[in-house]
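From a predicted model like this one, the values you see are computed outputs, not experimental measurements. Residue numbers start from 1 in every chain, and the chains themselves are labelled A, B, ... in the order their sequence lines are given, proteins ahead of strands.
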Protein chains: 2
Amino acid sequence: MNISQAARRTGLPAKTIRYYEEIGLVAPRRDANAYRAFSESDLHKLAFLGRARALGFSIGDCRSLMALYDDKNRASADVRRIAQQHLASIEEKIVQLQSMHETLTRLVGACAGDTRPDCPILDDLAAPPGSG
Amino acid sequence: MNISQAARRTGLPAKTIRYYEEIGLVAPRRDANAYRAFSESDLHKLAFLGRARALGFSIGDCRSLMALYDDKNRASADVRRIAQQHLASIEEKIVQLQSMHETLTRLVGACAGDTRPDCPILDDLAAPPGSG
DNA sequence: CTTGACCTTCCAGTCGCTGGAATCCCCATC
DNA sequence: GATGGGGATTCCAGCGACTGGAAGGTCAAG
């Protein structure tokens, strides 16, 4: 199967698939004309990667997760640890974003958004409340 | 004032300040020895940038916001539009992260996390529920 | 034989820094 | 005047995870 078909089947851009090969996440065999030939197993790996990436796992995590998937003697604790750490970092990001969201919502709410120059958003960026 | 003092006063790493100069966000004058000499106005700009970046604005947005800040004939609507677009993108990110969080929480909760290989996390990555 | 859709590789760019090397400057001490 | 240490400077490379584009090879159809 050609790369464009593999792309269609996995939902990953062909460019991304090539990149995954380059960094050693998949290794499709090659036809005589040097075209990549994807097996069902390759597709399975790519789909695995796609789902892991969609859950926000880093490429490094994906590599570890695939290795664990392949290791039939794995301990599920190892998988769980990776997932839990990722979960924690997601929680951190959410907290940060929510804090930004809160501040921005307040500022946007305070700004008239008209043709006049007065702007609480800029005021806050120039000197946050309680600074003087 | 030297760069290290400017860094201390603004809370930005010296490297970041140099980078901001490189991309034209600040333009401290230079002493005879080529050392950057930061004025209070430079510090103010850097602090502005620091706060805007802390709210997640892109460098491009920061540039626009600073320009608006300097433009005493600005319309607050222009500022508000930038902030609102940013707010929308933050909301998008939060939604995405929350969706990841939900799935991961479920998977982590379902995984025994012991020495056995059975792992719902890997099962899900290999073939999500409802796929066959 | 040409057309056009595919495939290949390789290089550059994205974003916002960050680390490091090589060099220079300034001040204090001996 | 030499030396040492802590600044400062520039420039180049790299991060993560792709993405875009150029230059060229391949294949099936007409």
Side-chain angles (χ1 to χ4, degrees), chain A residues 1-38 42 45-46 48-66 82 85-86 89-90 92-93 96-97 100, chain B residues 1-38 42 45-46 48-66 82 85-86 89-90 92-93 96-97 100:
Chain A
M1 178 180 322
N2 277 349
I3 197 166
S4 65
Q5 288 172 301
R8 226 168 295 133
R9 289 264 309 264
T10 60
L12 296 171
K15 277 270 184 189
T16 298
I17 296 176
R18 286 195 195 98
Y19 173 68
Y20 287 172
E21 186 192 24
E22 190 188 331
I23 64 175
L25 288 177
V26 277
R29 72 175 180 78
R30 299 296 186 115
D31 283 340
N33 57 11
Y35 285 20
R36 289 168 184 83
F38 293 86
D42 290 327
K45 276 188 187 185
L46 288 172
F48 184 105
L49 287 168
R51 281 187 290 265
R53 294 286 302 130
L55 285 177
F57 284 105
S58 70
I59 291 288
D61 279 351
C62 289
R63 211 184 286 276
S64 306
L65 289 170
M66 288 225 315
I82 293 172
Q85 280 169 6
H86 180 42
S89 90
I90 284 177
E92 256 181 61
K93 279 181 201 149
Q96 270 197 7
L97 286 173
M100 294 177 189
Chain B
M1 177 180 322
N2 277 349
I3 196 166
S4 65
Q5 288 172 299
R8 226 169 293 132
R9 288 262 310 263
T10 60
L12 297 171
K15 277 269 183 189
T16 299
I17 297 176
R18 287 198 194 96
Y19 173 67
Y20 286 171
E21 185 191 24
E22 190 189 330
I23 63 175
L25 288 177
V26 278
R29 71 174 181 79
R30 300 296 187 116
D31 283 341
N33 57 12
Y35 284 21
R36 289 168 183 84
F38 293 86
D42 291 327
K45 275 188 187 187
L46 288 171
F48 184 105
L49 287 168
R51 281 187 289 265
R53 294 287 301 129
L55 284 178
F57 284 106
S58 70
I59 291 288
D61 280 350
C62 289
R63 209 184 288 275
S64 307
L65 290 170
M66 289 225 314
I82 294 171
Q85 279 169 7
H86 180 43
S89 90
I90 284 176
E92 256 182 61
K93 280 181 200 148
Q96 270 198 7
L97 286 172
M100 293 178 189

Query raised in the report: A/L12 versus A/Y20: any side-chain heavy-atom pair under 4.5 Å?
Result: yes
Requested in this report: Determine yes or no for a side-chain-to-main-chain donor-acceptor pair under 3.5 angstrom, with B/D31 supplying the side chain and B/N33 the backbone.
Outcome: no
Report summary line: What one should report as the nearest heavy-atom pair of A/V26 and A/D42 is CG1-O, 4.3 Å
Query raised in the report: Got A/F57 and A/I82 here, is their nearest side-chain heavy-atom distance under 4.5 Å?
Result: yes
Report summary line: Min and max contacting nt of DNA chain C in 5' to 3' order, chain B heavy atoms within under 4.0 angstrom, are C/dG16 to C/dC26
Query - Check against side chain to side chain contact (heavy atoms under 4.5 Å, CB included), B/R9 and B/M1 - result: CA-CA 10 Å; B/R9 288 262 310 263; B/M1 177 180 322; 3.5 Å; yes
Query - Expected output: side-chain B/H86 to main-chain B/L55 donor-acceptor under 3.5 Å - result: yes
Query raised in the report: Is any side-chain N of the basic residue among B/K15 and B/E22 closer than 4.0 Å to the acidic one's carboxylate O?
Result: no
Query raised in the report: Between B/M100 and A/A54, what is the shortest heavy-atom contact and its length?
Result: CE-O, 3.4 Å
Query raised in the report: Quick one: does A/R36's side chain get under 4.5 Å of A/N2's, heavy atoms only?
Result: no
Query raised in the report: To the nearest 10 degrees, what angle separates the axes at the start and end of the helix from C/dC1-D/dG30 to C/dC30-D/dG1, five pairs each?
Result: 40°
Query raised in the report: Which parts of nucleotides 6-17 of chain D does protein reach within less than 4.0 Å, heavy atoms only, written one letter per nucleotide 5' to 3' as B for base, S for sugar-phosphate only and - for none?
Result: -BSBBB-----B
**Report entry** Side-chain touch B/F48/B/M66, heavy atoms, less than 4.5 angstrom
**Finding:** yes
